[in-house]
Amino acid sequence: MPELPEVEVVRRGLERWVAHRTVADAEVLHPRAVRRHPAGGDDFARRLQGYRVGVPSRRGKYLWLPLADSGQAVLAHLGMSGQLLVQPHEAPAEKHLRVRVRFADALGTELRFVDQRTFGGLSLHDTSPDGLPDVIAHIARDPLDPLFDDEAFHRALRRKRTTVKRALLDQSLISGVGNIYADEALWRSRLHYDRPTAALTRPRTAELLGHIRDVMNAALAVGGTSFDSLYVNVNGESGYFDRSLDAYGREGLPCRRCATPMRRRPWMNRSSYYCPRCQRPPRVTP
DNA sequence: CGGACGCCCTGGCGGC
DNA sequence: TGCCGCCAGGGCGTCC
């Protein structure tokens, strides 16, 4: 379940192993992997040929490979189970190999997009003058972006008629936060997921943002979280931050602050993990 | 128009 | 043992 730290680990891997290489050819093995490219897999593959890959960028959970001197970029979203692997040509095809990109050099490696659940995908888009693919203009800056505006985020929360976890997962307000890091940051902030955002004070918002950044930086420092074998970084190496999680997946286990058994509640077709003592629900459920 | 929710997809796993 | 249903969940289309 790649969120911002995992995607950033992948981006760094691509910068190391793929940047500045020229595409020889590409191959799309599953149409759903390029469903955001309306002209289809063959067209997608053909349009990459001959272009040199620039330095990979990221915003939230999206990452993209600029194609030099084209005004375009290959946009990638890993969804829930997507992986970008750099593999030797002769490595056997992964069971869920969806796209393969070969390069016009003698390094002997190729880029592979592998995705079991096919929620992720690749697509090709025009970029705006600042380099951002046009289709993700609506994605907010992420909390590790130096240009993220804390004050504007606070004002947006105050304006919204919604609850705090919904807001954290709203990629148009703040990007890169998924279910795992939302629960972790809320636990650190002693905030219940159903707290209305309109009541958050400026110090509470600042504290929440601080915890989001802390937990993401901690995950980055150890190479991203891996909850199961589905997430593997660009070199095929699993992260191991899951050992440090304080909330996510800890139903029934003692809260690391107060020892009260942690709870799991169904929430928006997924789960929220929280401590019933440290994270008190709002008096009136909105 | 903003907020809420259903759907897309596959495989592991628990229960019967 | 085999089968069924649940669960994981990001993003977007659609509905109210």
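Throughout, a chain's letter reflects where its sequence line sits, starting with A, and its residues are numbered from 1.
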query: Toward the 5' end of DNA chain B, which comes first, A:Arg98 or A:Arg270, by nearest nucleotide?
result: A:Arg270
- request: Give the nucleotide from the list B:dC8, C:dA8, B:dG6 with an atom nearest to the side chain of A:Asn269.
  value: B:dG6
Any A:His77 side-chain nitrogen or oxygen under 4.0 Å from OP1 or OP2 of C:dC12: no
- request: Search all heavy atoms of A:Met80 against all heavy atoms of A:Arg117 and return the closest pair with its distance.
  value: CE-NH1, 2.8 Å
message: Side chains of A:Arg264 and A:Ser271 only: does a donor on one sit below 3.5 Å from an acceptor on the other?
response: yes
- prompt: Can you tell me if the side-chain N/O atoms of A:Thr118 get under 4.0 Å from OP1 or OP2 in B:dC8?
  reply: no
- prompt: Checking all strands, does A:Arg35 fall into the base, sugar-phosphate, or nothing category for heavy-atom contacts under 4.0 angstrom?
  reply: nothing
query: Just how far, in rounded Å, is P of C:dA8 from CH2 of A:Trp267?
result: 13 Å
- line: Quick note, A:Tyr62 side chain, CB onward, closest among C:dA8, B:dG3, C:dC12 is C:dC12
- prompt: A:Gln171 has a side chain; which of B:dA4, B:dC9, C:dG11 sits nearest to it?
  reply: C:dG11
- prompt: What integer distance in Å separates A:Met80:CE from B:dC7:P?
  reply: 17 Å
field: Nearest-angstrom distance from the residue atom CG of A:Asn179 to P of C:dC7
entry: 14 Å
- prompt: Base, sugar-phosphate alone, or nothing: which one does A:His30 contact when heavy atoms must sit under 4.0 Å apart?
  reply: nothing
task: Taking only the side-chain heavy atoms of A:Lys95 (C-beta and beyond), determine which of C:dC12, C:dA8, B:dG11 contains the nearest atom.
output: B:dG11
query: With respect to the side chain of A:Arg161, which nucleotide from B:dG3, B:dT10, C:dG11 is positioned closest?
result: B:dG3
query: Tell me: CE of A:Met268 to C1' of C:dG11, nearest whole Å?
result: 11 Å
- prompt: Separation of A:Arg166 atom CZ from B:dG6 atom P, in whole Å?
  reply: 11 Å
- prompt: Given C:dG11, B:dC8, C:dC12, which nucleotide is nearest the side-chain atoms of A:Arg32?
  reply: B:dC8
- request: To the nearest Å, give me how far apart CD (A:Gln116) and P (B:dC13) are.
  value: 12 Å
- request: Consider only side-chain N and O atoms of A:His89 and A:Glu110, and report whether a donor and an acceptor are under 3.5 Å apart.
  value: yes
- request: Report the distance from atom CG of A:Leu169 to atom P of B:dG2, rounded to the nearest whole Å.
  value: 19 Å
message: Side chain of A:Lys160 only, heavy atoms from C-beta on: which candidate in B:dG3, C:dA8, B:dG11 is closest?
response: B:dG3
- prompt: Are A:Arg21 and A:Thr109 close enough that a side-chain donor and a side-chain acceptor fall under 3.5 Å?
  reply: yes
message: Is the phosphate of B:dC9 approached by A:His96 (side-chain N or O, under 4.0 Å from OP1 or OP2)?
response: no
query: Can a salt bridge be assigned to the pair A:Arg188 and A:Glu207 using a cut-off of 4.0 Å between side-chain N and carboxylate O?
result: no
- prompt: Does A:Trp64 have A:Arg59 sitting over its ring (NZ/CZ under 6.0 Å from centre, angle to axis within 45°)?
  reply: no
statement: To the nearest angstrom, the CG-C1' distance between A:Leu157 and B:dG2 comes to 15 Å
query: Of the nucleotides C:dA8, B:dA4, B:dT10, which one has an atom closest to the side chain of A:Thr162?
result: B:dA4
message: Quick check: any donor-acceptor pair below 3.5 Å linking the side-chain of A:Arg117 to the base of C:dG10?
response: no
message: Heavy atoms from C-beta onward define the side chain here; which of B:dG11, C:dG10, B:dA4 lies closest to that of A:Glu3?
response: C:dG10
statement: Among C:dA8, C:dG10, B:dG11, the one nearest any side-chain atom of A:Arg264 is C:dA8
